[in-house]
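Notes follow once the structure below has been shown.
Computed from heavy atoms alone, side chains included, the values below leave out hydrogens, waters and symmetry copies. Residue numbers start from 1 in every chain, and the chains themselves are labelled A, B, ... in the order their sequence lines are given, proteins ahead of strands.
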There are 4 protein chains.
Amino acid sequence: MSDTKPAEPEKPRRRQARGERRMAQLLEAAASVFCKVGYTSASTNAIAREAGVSPGTLYQFFPNKEAIAVELGERLSHQMHEAHSQVFTEANASLPLPDMMDAIVDPLIEFNCRNPVFLALIHSSDVPGKVVEEHDALHAALLARVEGLISVFAPGLPADGRTRTAEMAFALFTSGLELVLAHEGTERDAYAAELKAALLGYLGPRLDPDPASSQRSAARS
Amino acid sequence: MSDTKPAEPEKPRRRQARGERRMAQLLEAAASVFCKVGYTSASTNAIAREAGVSPGTLYQFFPNKEAIAVELGERLSHQMHEAHSQVFTEANASLPLPDMMDAIVDPLIEFNCRNPVFLALIHSSDVPGKVVEEHDALHAALLARVEGLISVFAPGLPADGRTRTAEMAFALFTSGLELVLAHEGTERDAYAAELKAALLGYLGPRLDPDPASSQRSAARS
Amino acid sequence: MSDTKPAEPEKPRRRQARGERRMAQLLEAAASVFCKVGYTSASTNAIAREAGVSPGTLYQFFPNKEAIAVELGERLSHQMHEAHSQVFTEANASLPLPDMMDAIVDPLIEFNCRNPVFLALIHSSDVPGKVVEEHDALHAALLARVEGLISVFAPGLPADGRTRTAEMAFALFTSGLELVLAHEGTERDAYAAELKAALLGYLGPRLDPDPASSQRSAARS
Amino acid sequence: MSDTKPAEPEKPRRRQARGERRMAQLLEAAASVFCKVGYTSASTNAIAREAGVSPGTLYQFFPNKEAIAVELGERLSHQMHEAHSQVFTEANASLPLPDMMDAIVDPLIEFNCRNPVFLALIHSSDVPGKVVEEHDALHAALLARVEGLISVFAPGLPADGRTRTAEMAFALFTSGLELVLAHEGTERDAYAAELKAALLGYLGPRLDPDPASSQRSAARS
DNA sequence: GATGAATGAGGATTCATTCAT
DNA sequence: TATGAATGAATCCTCATTCAT
């Protein structure tokens, strides 16, 4: 019993240093390839090549192509969550709606401009009928966040209406985001403005004029 | 209507008639396969199999896979154009905005519900960055139509703003359409309503209160 | 309707001439490779190479490696059946037991010497626990034949005993056959004699001294 | 018995003790994997995983996959030898033949039921033609033992006949053993009886009615 | 026109083995 | 000594496309 692991909790796996780096490297390479050719057309060999490693190495870290996308999606999801969780502060708690929209959407746009794979991943389960299980987790998680936001700002909506509104708003956002990412410089900004206008136009009439701030703080989680 | 071969009793070239039938057969099969697995994952062999012909036959009508999508897109585009060109009549010329939106969008939704490939094709050039040349023709054509409509209803918009508005409205429409197609029955209707609400919310503030009917007739082309 | 096949039953597929030849060629190549390295270690690429065709061609005729083995097994099974069905004639109906054994086993040995793959295929589902479904069909078919023979010569055996006897006799035969095939010339003959001796020694005491000839004729099917 | 390291309290080299344990651990894992998927399909990575160690560790003890099988085979061979060397005692020296067969074969069957890898290893050089060098050592050793036994009980046989008889008996035994291992409970016992009957039927007529006991004692080596 | 055979590069994935740490 | 990362050739199989018949 004593030789199979003397239960020292601080060294479960030390050598992961190199491995952790490789994993990041592979995810970066995958991001690059996914952006270039899309998830479906991306080949694991191409990802490995882009990362400068052999195909076998890739499979030491990921069991298959999908796992790469999933891990990438989760990491970006967390990053985005962190970057976005500071949105609801007292500072913008009672802003007028357009400014509120800026406060919410601008960081999202910025994040996605810095991480264009994210959109590629969201679109990766693109075949409408064939839902790819694992891929949909990302979609579902994001949708849940949107639905949470909506339930804060429009608490009066019934459940099914809320889901539809969330789906629609999410669809609107991602498709607008695609336009934003397709342009650069001032054009990009102009499209960002369009996107926010569209969201405002769609969601504005559905929102409560003044939701309680206590409800808003609940959305911080 | 006249170009779809309404059974002319003369027999100038029966081979071409048969060829036309084969082509339609292949396009139908392609539509089915594209819907099932998406353009990228669709194999020409699968299309030929679905059509009940050999791979060689397929290549007698289309030089490659993309040409199938292009031809399919063009045909559907024409069909949609025909189905939609009757929208602007005196009857709905001066309807209130929401009814006008119904009059414009409902036929489009209906058409896409009957021809779900269309959306698959629009999304077929899925990689945001990598524009696939040929595929984009469809996108460009549709966009031009949207831009035409917008220039009718909002003639005050400058050219670049009009393009952006058109792109945004088109993106909004296609992404909403995806939701519509993903549901059935009353849910589908509800999503259609949501989509129209989004379009109204986005476009409403940009539209002229009363565009001249003469300009409207120009949109029929 | 008339162009999709005017129902002429004599030309369902004509071009199979070349294909049929290829198939035989591939099966021959597979036989060779299976003999050389065994089923498990045989690669489809190696089979294609041996047949002088590209990997893709192989897959035009067989969906996977197992299908090759199955088809090969079935063809050989039929051949053996034909070569063996003439064993029961009046000539040897009432031979003494050892001569009867010669009459039955010698053609089997000869067949297997001419087609050594057969034994390789029988052994192909070799992992004891993991029964490979399709492969077992061959095993089951052969076993059934053995059981049939036994029920003719030893009609008094109960069902479970008959199955066990059949399994044992079959195992004995195949393992002895392996020895036979491993040698050549007079050595081979000597091993064949040993094999028959073993079968006689095992089955002799179980057999009826004089089974009715009517029952024997039933085994010809 | 003395070579299995019966816990000597001195500590000349503890590393080797630990190494010995690792080795046993690895061999046990290999046995498990070989049984589950067969030798050919067993991967060294799978064995290492089953043993709870890294691939590198495995290669610190064995130069390659085959060496694992060889070592495993040798150890089991020794164990079997020990378990079997006590068979020839005065008690059963002059038993009637069937009882003698029980006395010899039953322990072998029992041993193989407890160590099913053994059979897997014997069959591991499965391709009849392609003798795998190292693997055959096991085969040769076992065969030699069988030949020894036969030369005791049938001293009159000429050398080549003896070899053939030994090969045949060995083949018969291993193939019957496979059947035994494939069943459980009373079925297993029934197959064991069948196996012994087959061996008796084959070897019985070849054995001397009363071999000298001095010769028997020679078989103990 | 139609067929189906042929191609061969490329896809995901595995595996025995080696090596830096 | 143990680890786990690294390798790269080899595995099965697919696919867009071509070609002889």
For a quick test of reading the model, state the closest non-hydrogen atom pair linking [X] to [Y] and the distance between them.
X       : Y       : value
A/Pro55 : A/Asn45 : CB-OD1, 3.7 Å
B/Ala46 : B/Val33 : O-CG2, 4.1 Å
C/Leu58 : C/Thr44 : CD1-O, 3.4 Å
A/Ala67 : A/Asn64 : N-OD1, 2.9 Å

**Q.** Stem regions touching DNA chain E, defined by at least 3 consecutive Watson-Crick or wobble G-U pairs below 3.5 angstrom
**A.** E:2-21 with F:2-21
(Q) By the 4.0 Å heavy-atom rule, please label B/Phe62 as base, sugar-phosphate, or nothing. (A) nothing
Rounded to the nearest Å, what distance is computed from the [atom1] atom of residue [X] to the [atom2] atom of nucleotide [N]?
X       : N      : atom1 : atom2 : result
C/Met23 : E/dG4  : CE    : C1'   : 14 Å
C/Leu26 : E/dT7  : CG    : P     : 10 Å
A/Leu58 : E/dA12 : CG    : P     : 10 Å
B/Arg22 : E/dG1  : CZ    : P     : 10 Å
C/Glu20 : E/dG4  : CD    : P     : 13 Å

Q: For F/dT7, take OP1 and OP2 only and decide whether either is under 4.0 Å from a side-chain N or O of A/Ser54.
A: yes
**Q.** Contact under 4.0 Å: A/Arg18 side-chain N or O vs E/dT21 OP1/OP2
**A.** no
Q: Could you check B/Gln60 against C/Gln60 and say which one's nearest nucleotide on DNA chain E is further toward the 5' end?
A: B/Gln60
Q) What string of B, S and - do you get for nucleotides 13-18 of chain E, 5' to 3', when a contact is any protein heavy atom under 4.0 Å? A) BBBBBB
Q) Who passes side-chain contact (heavy atoms from CB on, under 4.5 Å) against C/Thr57, sequence neighbours left out? A) C/Arg22, C/Val53, C/Ser54, C/Phe61
(Q) According to side-chain contact (heavy atoms from CB on, under 4.5 Å), who are the partners of A/Ala69, at least two apart in sequence or on a separate chain? (A) A/Phe34, A/Tyr39, A/Leu121, A/His135
Q: For residues 43-54 of chain C, pull every pair meeting salt bridge (Lys or Arg N to Asp or Glu O under 4.0 Å), keeping only residues two or more places apart or in separate chains.
A: C/Lys36-C/Glu50
Q.
Run the salt bridge (charged side-chain N to carboxylate O under 4.0 Å, His left out) test against D/Arg75 and tell me which residues pass, sequence neighbours left out.
A. D/Glu20, D/Glu71
Q | Euclidean distance, B/His123 NE2 relative to B/Thr40 OG1, rounded to 0.5 Å | A | 12.5 Å
